[in-house]
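A, B, ... follow the sequence lines: proteins, then strands. Residue 1 opens every chain.
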Protein chains: 2
Amino acid sequence: MKQARHCFISESGELLARWQEAFPKASSIRFDQGMPVQPAPTLLWVRLPQGRPVANVLADIRRIHGNLPCIILSDLPDDDQALASFSAAARGYCNTHAVPAFLRQVAEVVGQGGLWIGESLMSRLVDATSRIEAKEPIESSDSWAAALTPREQEVARAIAEGASNKEIARGMGITERTVKLHVGSVLEKLGVRDRLQVALIVSGHRQSQPA
Amino acid sequence: MKQARHCFISESGELLARWQEAFPKASSIRFDQGMPVQPAPTLLWVRLPQGRPVANVLADIRRIHGNLPCIILSDLPDDDQALASFSAAARGYCNTHAVPAFLRQVAEVVGQGGLWIGESLMSRLVDATSRIEAKEPIESSDSWAAALTPREQEVARAIAEGASNKEIARGMGITERTVKLHVGSVLEKLGVRDRLQVALIVSGHRQSQPA
DNA sequence: CAGCCCCCTGTACTTCGGTACAGTTACCCT
DNA sequence: AGGGTAACTGTACCGAAGTACAGGGGGCTG
């Protein structure tokens with residue numbers, strides 16, 4: 001893979017300091033401009049204007065610049081917007097104000113043919129998709145309780161109420177140490193790393209990923 | 001990113017010539033083996049045995065080797081299997097017999113934090129997801145967001161996804177310290193004591209308790 | 001009986017979350 | 001010009017969370 005030539009496209013056409021720092025040789029233009037630089041860039045970074053649909057913006061850009069790989073930069077990133085970006089065949093999606101090192105990393109991945117897609121988005125994508133695509137029946141919403149012992153279920157429920165270990169201990173009439181034991185078992189059995197994930201699963205906002 | 005240490009895991013434990021060619025220093029083991037090599041590898045390549053569910057295979061591997069990034073190698077790749085792989089938190093999916101240069105490219109992308117996921121799969125993911133996401137808006141009761149600044153809303157949403165401060169920092173391109181600042185503001189404005197309560201509120205399972 | 005699972009407890013340790021104190025920069029408004 | 005607010009960063013501290021190591025007792029089953 002050759003050195004990529006970066007071009008930033010935004011409403012004002014300005015080149016933010018962080019971008020410049022990430023890619024000193026990068027060029028920049030406004031949305032409505034043609035490409036003044038020679039040779040033509042190989043990678044476009046598109047700073048999304050407020051309130052304009054991604055698909056729209058990208059369609060315009062493609063009309064002017066052809067089918068170059070595009071990475072979307074968002075001032076206020078959220079998963080739905082990211083989704084829309086990938087629907088419009090963007091190759092990456094990240095925060096406008098990401099640090100230079102981060103931007104370079106994204107560029108690296110995209111340059112190699114990968115997609116840059118945040119962890120959170122990935123989990124949502126997979127969640128949603130597996131429900132549709134899976135041949136196997138959908139697990140019932142309280143399947144989390146299946147693998148847990150009665151005591152473990154108690155603490156899992158308490159966690160979902162937002163209780164601390166100390167409170168749970170008091171409520172169950174056992175020591176904090178024992179609560180930690182149960183919590184540890186719950187984490188392991190549900191395949192998650194901390195109590196927050198447990199709370200989300202028990203509240204029905206997450207699927208457990210048994211490890 | 002440092003040089004990755006590759007380890008190939010397969011039924012027989014053999015190291016295919018192409019793999020060896022792609023990564024001369026790679027090690028290889030059988031599915032049931034522990035990790036004999038020192039230092040421990042940083043990237044696992046998993047050749048899928050015929051007819052065994054990916055989730056299963058990966059769960060076993062994680063039990064033995066912990067949560068190292070895994071790339072799935074399939075003798076007969078298809079989209080459904082790829083989907084299952086990403087459901088099981090694989091970081092990449094490709095043909096067992098891909099050429100060395102291709103393997104190195106995948107490794108590069110994954111090593112940089114990206115995902116290797118074919119174009120065809122991506123379009124299916126996005127199609128399927130946008131259909132579901134349109135039906136069930138994750139968060140429309142934005143009452144919690146009212147008092148929060150844009151940045152604070154961002155971190156609140158990230159918290160509800162279960163992200164740690166470090167992850168949020170990385171995602172937003174700011175330091176962990178600043179994330180803590182925003183988290184603190186969110187806690188104060190929502191009148192709760194910890195991030196778990198924030199997650200429950202943002203997920204729609206709790207009412208905020210304005211101080 | 002031995003082996004397994006569940007429940008319980010203790011000490012010690014590391015990591016993470018949250019707060020306190022102390023600043024900088026930028027923008028907006030009066 | 002001054003005040004307010006949002007965003008950002010640093011150092012430092014404390015307590016909560018989670019893990020590792022090391023046990024106790026009870027019940028069930030092959």
Strictly distance-based, threshold 3.5 Å: is any side-chain N or O of D194(A) a donor or acceptor partner for the main-chain N or O of Q197(A)? yes
Heavy-atom check, side chain of F31(B) versus side chain of P49(B), under 4.5 Å: yes
Starting at CD of E188(B) and ending at C1' of dG17(C), how long is that distance when rounded to a whole Å? 16 Å
Testing I72(B), L73(B), L103(B) one by one against T96(B) for a side-chain contact (heavy atoms from CB on, under 4.5 Å), which residue passes? L73(B)
What N/O pairs connect the protein and nucleotides 4-8 of chain C at under 3.5 Å? Give each pair on its own line.
| from | atom 1 | to | atom 2 | distance (Å) |
| --- | --- | --- | --- | --- |
| dC7(C) | OP1 | R151(A) | N | 3.4 |
| dC7(C) | OP2 | T149(A) | OG1 | 2.5 |
| dC8(C) | OP1 | R151(A) | NE | 3.2 |
| dC8(C) | OP1 | R151(A) | NH2 | 2.5 |
| dC8(C) | OP2 | R151(A) | NE | 3.0 |
| dC8(C) | OP2 | H182(A) | NE2 | 2.9 |

Let me have the donor-acceptor pairs involving side chains of residues 179-186 of chain A, under 3.5 Å, with sequence neighbours excluded, atom names and distances please.
| from | atom 1 | to | atom 2 | distance (Å) |
| --- | --- | --- | --- | --- |
| S185(A) | OG | L181(A) | O | 3.0 |

Please identify each residue that fulfils side-chain hydrogen bond (donor to acceptor under 3.5 Å, both in side chains) with R151(A), with sequence neighbours left out. E154(A)
Spacing between R193(A) atom CZ and dT19(D) atom P, to the nearest angstrom: 12 Å
Starting from C1' on dA17(D), measure out to CD1 on I168(A) and report it in whole angstrom. 11 Å
Restricting both atoms to N or O, compile the protein contacts to nucleotides 24-29 of chain C shorter than 3.5 Å, with distance only.
none

Please enumerate all residues that pass salt bridge (Lys or Arg N to Asp or Glu O under 4.0 Å) together with R157(A), with sequence neighbours excluded. none
Please list, for nucleotides 11-16 of chain D, all pairs of protein and nucleotide N/O atoms separated by less than 3.5 Å.
| from | atom 1 | to | atom 2 | distance (Å) |
| --- | --- | --- | --- | --- |
| dT11(D) | O4 | R177(B) | NE | 3.0 |

If the plane angle is over 60° it's perpendicular, under 30° parallel, otherwise tilted; pick one for H6(B) and F23(B). parallel
With sequence neighbours excluded, residues passing salt bridge (Lys or Arg N to Asp or Glu O under 4.0 Å) with E11(B): none
Quick one: list whatever passes salt bridge (Lys or Arg N to Asp or Glu O under 4.0 Å) with R193(A), sequence neighbours left out. E167(B)
Holding to side-chain hydrogen bond (donor to acceptor under 3.5 Å, both in side chains), I want the full list of residues that pass it with N56(A), two or more places apart in sequence or in another chain. none
Report the residues that fulfil side-chain hydrogen bond (donor to acceptor under 3.5 Å, both in side chains) with E14(A), sequence neighbours left out, ordered by chain and then residue number. S12(A)
CZ of R195(A) versus C1' of dT19(D): gap in Å, rounded? 14 Å
Interatomic distance, OG@S85(A) vs CD1@I71(A), rounded to 0.5 Å, equals 11.5 Å
Using side chain to side chain contact (heavy atoms under 4.5 Å, CB included) as the criterion, list what pairs up with R30(A), not counting sequence neighbours. D32(A), Q33(A)
Angle between terminal axes - the helix from dC1(C)-dG30(D) to dT30(C)-dA1(D), 5 pairs each end, rounded to 10°: 30°
